[in-house]
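Quick notes on the structure that follows.
All residue numbers refer to positions in the sequence shown, counting from 1.
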Amino acid sequence: MTSGAVAGQTGNYQDLMLRFAPDLAAIEAAIADNLSSSNELLEAMAAHVVKSGGKRLRPLLVILSSRLCGYTGGDHVLLGNVVEYLHAATLLHDDVLDDAALRRGSPSANRVWGNHLAVLGGDFLYTTAFDLLLSAVPREIIRVLCRCSLDMIDGEVLQRRWRNRPEISEETYLAIVGRKTASLISGCCRSGALLAGAPPARVEALGRFGTSLGTAFQVIDDTLDYLADPGRLGKALGGDLRQGTVTLPLIHLLRRDGLAAEQSRIRGLIERGEVDDAGIADIAALLREQRCGESAMARAREFAADARLAIEPLRGTELHAALTAAADFVIDRDL
């Protein structure tokens, strides 16, 4: 199936998952098989986070960007496996840094095995990912994913610099998102196209698509962290703020007119690191009252529109239809 084929089988995200179910199943099998280690504890810990569910958006973007650019080989399976390992490694390390208790509704690895072993589990996944890459894919793909890994580290350091600082700007927040989340999603799209030997203009278009899509994805996640049903979210609300991380809904709230007293109180809580359950509930109520969830979601929709614009030259192709369906899935996670 080539990128020039007219769309007809990719109506929505569920259709994509069904159509590419064999590819996704092969990636799931590879994820399990390649976790093998002589150290059973290390293997169990890595499997705990990798196999705990998730949307598998990143492997699917690898599949779409390779298969629908005409790739007919089998290395997209390894590549989809690798990006999921890289993503899971960041989750293990983030949970340690944030002292998280839950991950996707289950106890986090650091709570089960302790911080020291959880860090080693993340290191194991990172190293395994790049060992797999070295065995099969072109150097330019390895370079892309190395850059993504460096971006994710840079983003985490930048986020730490702005911890408990309510004066963070939207621009700085988006720079953190661009490194921590959007970079890897862009890398999935870019590396899949590279695997297929797509022309440079198409690789760049897919990279821009992934950057904008990844930004929209994270803005929505950060908004849901305040306003979602905790049962569906799989963790307690306000997890970001408990760690001193100020995200877009709160940035908007702290810049609303006519709320000086409330804003001063919230800034003090953030700066002192004194946000508790009652504080989260109060802030979430104020976010709803001031419609800051809606304003953050509107910003996410702008990034989703940018993602669609990046692939406008592909209109009329199956690749365009499939990526548009992926963008619709990301943006349709309502409050």
>> Tell me whether Val177 shares a hydrophobic cluster with Leu97, the cluster being built from Ile, Leu, Val, Met, Phe, Trp, Tyr side chains joined at under 4.5 Å.
In response: no
>> I'd like to check the salt bridge (charged side-chain N to carboxylate O under 4.0 Å, His left out) partners of Asp306; sequence neighbours left out, ordered by chain and number.
In response: none
>> I want to check something: taking the side chain as every heavy atom from C-beta on, are Leu241 and Thr247 in contact at a cut-off of under 4.5 Å?
In response: no
> Should Val137 and Val82 be regarded as members of a common hydrophobic cluster, given that ILVMFWY residues are connected when their side-chain heavy atoms come within less than 4.5 Å of each other, either directly or indirectly?
Replying inline: yes
> Does Ala182 offer a backbone N or O that forms a donor-acceptor pair with the side chain of Ser186 under 3.5 Å?
Replying inline: no
>> Any non-hydrogen side-chain atom of Leu86 less than 4.5 Å from a side-chain atom of Leu125?
In response: no
> Parallel, tilted or perpendicular: which describes the rings of His76 and Tyr71, with under 30° parallel and over 60° perpendicular?
Replying inline: perpendicular
> Are Glu156 and Lys180 within salt-bridge range, i.e. N to O under 4.0 Å?
Replying inline: yes
>> Between the side chains of Arg67 and Glu318, is the shortest nitrogen-to-carboxylate-oxygen separation below 4.0 Å, so that they form an ion pair?
In response: no
Show me the donor-acceptor pairs within less than 3.5 Å that the side chains of residues 113-122 make with the rest of the protein, sequence neighbours left out.
none

> Any link between Tyr126 and Leu41 through a network of hydrophobic side chains (Ile, Leu, Val, Met, Phe, Trp, Tyr) touching at under 4.5 Å?
Replying inline: yes
> In Å, rounded to the nearest 0.5 Å, how long is the span from SG of Cys146 to CZ of Arg139?
Replying inline: 10.5 Å
> Considering all heavy atoms of both residues, which atom of Pro59 and which atom of Ile27 are nearest to each other, and what is their separation?
Replying inline: CB-CD1, 4.0 Å
>> Take a 6.0 Å sphere around CD of Glu40 and say whether it holds more than 12 heavy atoms from other residues, nucleotides or ligands.
In response: no
> Ignoring hydrogens and geometry, is there a side-chain-to-backbone donor-acceptor pair from Arg256 to Gln290 under 3.5 Å?
Replying inline: yes
>> For the OH atom of Tyr173 and the CG atom of Asp222, what is their distance to the nearest 0.5 Å?
In response: 3.5 Å
> Would you say the side chain of Ile331 lies within less than 4.5 Å of the side chain of Phe303, judging by non-hydrogen atoms?
Replying inline: no
> Is it true that Arg190 and Glu204 have a side-chain N and a carboxylate O under 4.0 angstrom from each other?
Replying inline: yes
> How far apart are the closest heavy atoms of Leu64 and Phe20, and which atoms are they?
Replying inline: CD2-CE1, 3.4 Å
>> What I want to find out is whether Glu140 reaches Arg143 closely enough, with some N-O distance under 4.0 Å, to be called a salt bridge.
In response: no
> When hydrophobic residues are tied together by side-chain contacts of less than 4.5 Å, even through go-betweens, does Val96 share a cluster with Leu158?
Replying inline: no
> Arg315 side chain to Ala321 main-chain N or O, any donor-acceptor pair under 3.5 Å?
Replying inline: no
> When you measure from the side chain of Asn12 to the backbone N and O of Asp15, does any donor-acceptor pair fall under 3.5 Å?
Replying inline: yes
> Counting N and O atoms only, with roles assigned by atom type, does the side chain of Gln263 sit under 3.5 Å from a partner on the main chain of Leu253, one being a donor and the other an acceptor?
Replying inline: yes
> Can you tell me how far CG of Leu286 sits from OH of Tyr226, rounded to the nearest 0.5 angstrom?
Replying inline: 11.5 Å
> Side chains of Ser212 and Thr215: is there a donor and an acceptor less than 3.5 Å apart?
Replying inline: no
>> Check this for me: does any side-chain nitrogen of one of Glu28 and Arg56 sit under 4.0 Å from a carboxylate oxygen of the other?
In response: yes
> How long is the span from the CG atom in Leu323 to the SG atom in Cys189, to the nearest 0.5 Å?
Replying inline: 6.5 Å
> When rounded to the nearest 0.5 angstrom, what is the spacing between CD1 in Ile168 and CZ in Arg163?
Replying inline: 12.5 Å
> Can you tell me if Arg161 uses its side chain to pair, donor with acceptor, with the backbone of Val157 under 3.5 Å?
Replying inline: no
>> Looking at Leu150, is its backbone amide N or carbonyl O close enough to the side chain of Asp154 to form a donor-acceptor pair, meaning the two atoms are under 3.5 Å apart?
In response: no
>> If you define the side chain from C-beta out and look only at heavy atoms, does anything of Trp162 sit under 4.5 Å from Glu167?
In response: yes
> Do the charged groups of Glu262 and Arg265 touch, with an N to O distance under 4.0 Å?
Replying inline: no
>> Looking at Phe124, is its backbone amide N or carbonyl O close enough to the side chain of Thr127 to form a donor-acceptor pair, meaning the two atoms are under 3.5 Å apart?
In response: no
>> Strictly below 4.0 Å, N to O, side chains only: are Arg242 and Asp277 in salt-bridge contact?
In response: yes
> Just how far is it from atom OG of Ser65 to atom CG of Leu194, taken to the nearest 0.5 Å?
Replying inline: 10.0 Å
> Within the distance-only criterion (no hydrogens, no angle test), does the side chain of Arg202 pair as donor or acceptor with the backbone N or O of Ala193 below 3.5 angstrom?
Replying inline: no
>> Measuring only between side-chain heavy atoms, which start at C-beta, is Ser191 closer than 4.5 Å to Leu79?
In response: yes
